[in-house]
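Let me begin by presenting the structure, written as structure tokens, before commenting on it.
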Amino acid sequence: MTRRIVRTVIQATTAAIFTFIVIFFLDRNFRVLPNALHEYLPTHHAGSVITDIEITTCSTINIFSSCKLDPDKWHRIEKDLYLGKGWLGNTAYVHVRRKREEELTAEDKVVIDVTVGRLNPNKAAAGGGADKNSGDEWEDRPAGLWIKRSAKRTASDSKSAVTAVDVIFGEDAVEGRDGWAVAGTPLLLDGPSSIPVAHLTARRGTPVAPFKPTPRINDNGRFKIMQLADLHLSTGVGKCRDAMPEDWNGGKCDADPRTMDFVLRVLEEEKPDLVVLSGDQVNGDTAPDTQTAIFKYAQLLIKHKVPYVSIFGNHDDEGSLSRVAQMDLIETLPYSLSRAGPEDIDGVGNYYIEVAARGSSGHSALTVYLLDTHAYSPNERKFKGYDWIKNNQIDWFRRTAQGLKKKHKEYSHTHMDVAFIHIPLPEYRDGNLTFVGNWKEPPTAPVYNSGFRDALVEEGVVMVSCGHDHVNEYCGLSKTEEGKPALWMCYAGATGFGGYAGYGGFHRKIRIFDFDMNEARITTWKRVEFGEDVKQRIDELILVDGGRPIMPME
């Protein structure tokens, strides 16, 4: 009796396995399972697929033209392809039709490929005729857009299925998102040559969670941070300001390519473990599409597999995206450790990251605090100039630092805390500081002093570094009332050619911080973009030794 039961179970199991295999192969080719079940199959990407793409053009002087399609069927990407500068008031927009996979009908086609170019891709690739591999024809749309759609029931499960479309701008435009790629050439639009070209970019397949590495002290006990201050990137290549030497490249200087070439060189030579973007990554008034500017630095850091954190300056949100919208985007990018921070305190980007001890330890060796210094004074009559760090931000910082102290004591060496901001603190202009490096312009710190410098000292932060004043590149040692070293306050010196630098022939800089956790030592230096010292460490200086700020060594 027992043997018969066992035999029956084996037969039933074998039949079930055989049936599953048959259904799997049938479904893979003919889609026989209900759509809802595909939510749980590994080839499925949850959410929507694109079923059509269209481009509309209209003019503000032609009342009969419209850039709107039926909103119940079409979703418009809210980016004017002419960036508001088209001839005779022309505007143009990309529209997509999208459906959730479970809502697809037998009549629906799924976009499985997209490109841009003057020639039919079939003719360009195969000398005419349809693509023999798929049997699906390319369909033309305005502005040189070509799409390929498939009515096969398996099309939406394909890794080629287009699930999102976007627009970025400029000859130097790059993608920073996983699964996205620029489609062919720029869109073929009839507009002024001064307008950055528009590129269609598409995502295929399921959106994937961005890779977020854990920063960790290297096995030799070292950790290196590269600070990029004031990149001032544009939509398009941008124009250099105050570039040195004046005859560089025959006088032709495109700001963003030169900026990113500088960053690339230092990135590959210094090989940092973390990059801090300390504000004004975006040059607001020349960046009508902020997203395009963000992708320039993000793509470079992602390609080199370097984790990065960012805060905002006073120009970042003067383009097309607010601070909130930018951080929402930046948080989705690979290798970005940036965070919006608590919603109940002022600003966007008040947060910290922990750098783990070497090996597999879970203990923190180094804490990096990042705070939003906002933009312009909310009370110009009383306090002219720039905004200040608010009391609730300082309270958050104090609570956070005090709450972390107990865990930090578990680290077997000396734990250190550092901070990065954009706008300098009022104490940066204190004439009693011990200076190393160049002070070339008056620090444009806020007039109102909210006391953040004192909070940093009281909570044991040993160094803070900022940007904002482009040609200041000094570190200043702030002391206690007894004259003992209390806090190093550094400037990075501006990196980007899209911002000003017109004080005495300034050459763009990048600041490096080298942490030797074996000695609890922080050493800093600068790298220069042009001149005899491009391979040298400029103004190399030990800021901290034994976990404490020290006087500069002779």
Side-chain angles (χ1 to χ4, degrees), residues 45 49-50 52-55 75-83 92-96 98 110-122 124-125 138-149 158-189 191 193 195-208 210 233-238 254 256-257 259-261 264 282 287-304 319-321 329-330 332-336:
H45 43 267
V49 291
I50 305 298
D52 204 352
I53 307 174
E54 186 58 84
I55 295 177
H75 167 75
R76 190 171 88 170
I77 298 170
E78 295 299 334
K79 293 185 179 184
D80 175 16
L81 303 182
Y82 293 109
L83 292 171
Y93 293 89
V94 174
H95 305 254
V96 297
R98 55 190 184 187
V110 173
V111 177
I112 58 172
D113 207 353
V114 56
T115 191
V116 178
R118 294 188 181 278
L119 299 177
N120 184 321
N122 285 332
W138 285 94
E139 305 172 29
D140 64 317
R141 298 290 186 268
L145 173 63
W146 299 86
I147 64 173
K148 185 183 291 185
R149 298 191 295 168
S158 167
K159 292 181 180 179
S160 298
V162 176
T163 52
V165 171
D166 201 354
V167 181
I168 54 179
F169 298 87
E171 294 289 354
D172 60 339
V174 291
E175 254 298 349
R177 296 168 288 189
D178 275 340
W180 289 77
V182 175
T185 67
L187 290 165
L188 307 179
L189 300 167
S193 60
I195 301 175
V197 295
H199 294 269
L200 198 73
T201 178
R203 184 187 70 204
R204 290 173 169 79
T206 311
V208 297
L233 299 170
S234 298
T235 302
V237 296
D254 294 328
D256 291 7
T259 298
M260 298 316 297
D261 284 347
L264 173 62
V282 179
D289 186 65
T290 301
Q291 184 183 45
T292 295
I294 290 172
F295 287 167
K296 294 181 188 183
Y297 72 75
Q299 189 263 358
L300 183 63
L301 298 175
I302 293 165
K303 181 179 179 181
H304 286 78
S320 62
L321 295 178
L329 171 65
I330 294 166
T332 68
L333 299 178
Y335 288 89
S336 170

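These numbers come from a predicted model, not from an experiment.
Using a 4.5 Å heavy-atom threshold, the side chains of Q291 and R177 count as touching. Between Y93 and I55 there is no side-chain heavy-atom pair separated by less than 4.5 Å. Counting heavy atoms from C-beta on, the side chains of L333 and I294 come closer than 4.5 Å. Taking 4.5 Å as the limit, every side-chain heavy atom of T163 sits out of range of all side-chain heavy atoms of T206. When side chains are defined from C-beta on, V116 counts as touching L145, because their heavy atoms get closer than 4.5 Å. Residues M260 and L233 meet the side-chain proximity criterion, which asks for heavy atoms closer than 4.5 Å. At least one side-chain heavy atom of K79 sits less than 4.5 Å from a side-chain heavy atom of D166.
Using a distance-only test at 3.5 Å, with no hydrogens or angles considered, a donor-acceptor pair links the side chain of H199 to the main chain of G170. For D256 (side chain) and S234 (main-chain N/O), a donor-acceptor pair under 3.5 Å exists by modelled atom type. Here the side chain of K296 pairs no donor or acceptor atom with the backbone of P257 at under 3.5 angstrom. Proximity of a side-chain donor or acceptor of D289 to a complementary backbone N or O of T292 within less than 3.5 Å is detected. Put simply, the side chain of T290 gets close to the backbone of S320: a donor and an acceptor are under 3.5 Å apart. Between the side chain of D80 and the backbone N or O of A92, at least one donor-acceptor pair lies under 3.5 Å. The main-chain N or O of A181 is found under 3.5 Å from a side-chain atom of T201 such that the two form a donor-acceptor pair.
Interatomic distance, CG of L119 versus CG of D140, reported as 12.0 Å (0.5 Å rounding). To the nearest 0.5 Å, the span separating CZ on F295 from CG on L300 amounts to 14.5 Å. Considering CH2 of W138 and CG of N122, their distance stands at 8.0 Å, rounded to 0.5 Å. Note: H95 NE2 to R141 CZ = 13.0 Å, rounded to the nearest 0.5 Å. Atom-to-atom distance recorded for E139:CD and I53:CD1 is 10.5 Å, nearest 0.5 angstrom. Atoms CG and OG1, on D172 and T235 in that order, are 9.5 Å from each other to the nearest 0.5 Å.
Nearest heavy-atom pair, V282 versus A287, reported as atom, atom and distance to 0.1 Å: CG1-CB, 3.5 Å. Heavy atoms only, all atoms of each residue included: P196 and F169 are closest at O-CD2, 4.0 Å. Residues G144 and L188 approach most closely at CA-CD1, 3.8 Å, considering heavy atoms. Nearest approach of G176 to P334, heavy atoms of both residues: O-CD, 3.6 Å. Annotation for V174 and I168: closest pair O-CD1, 3.6 Å, computed over non-hydrogen atoms. Scanning all heavy atoms of the two residues, the minimum distance from W180 to A164 falls at CH2-CB, 3.5 Å.
The side chain to side chain contact (heavy atoms under 4.5 Å, CB included) with L81 is formed by just one residue from the set L200, L187, V197, I195; it is L187.
The pair R204-D113 meets the salt-bridge criterion, with a side-chain N (NZ, NE, NH1 or NH2) lying under 4.0 Å from an Asp/Glu carboxylate O.
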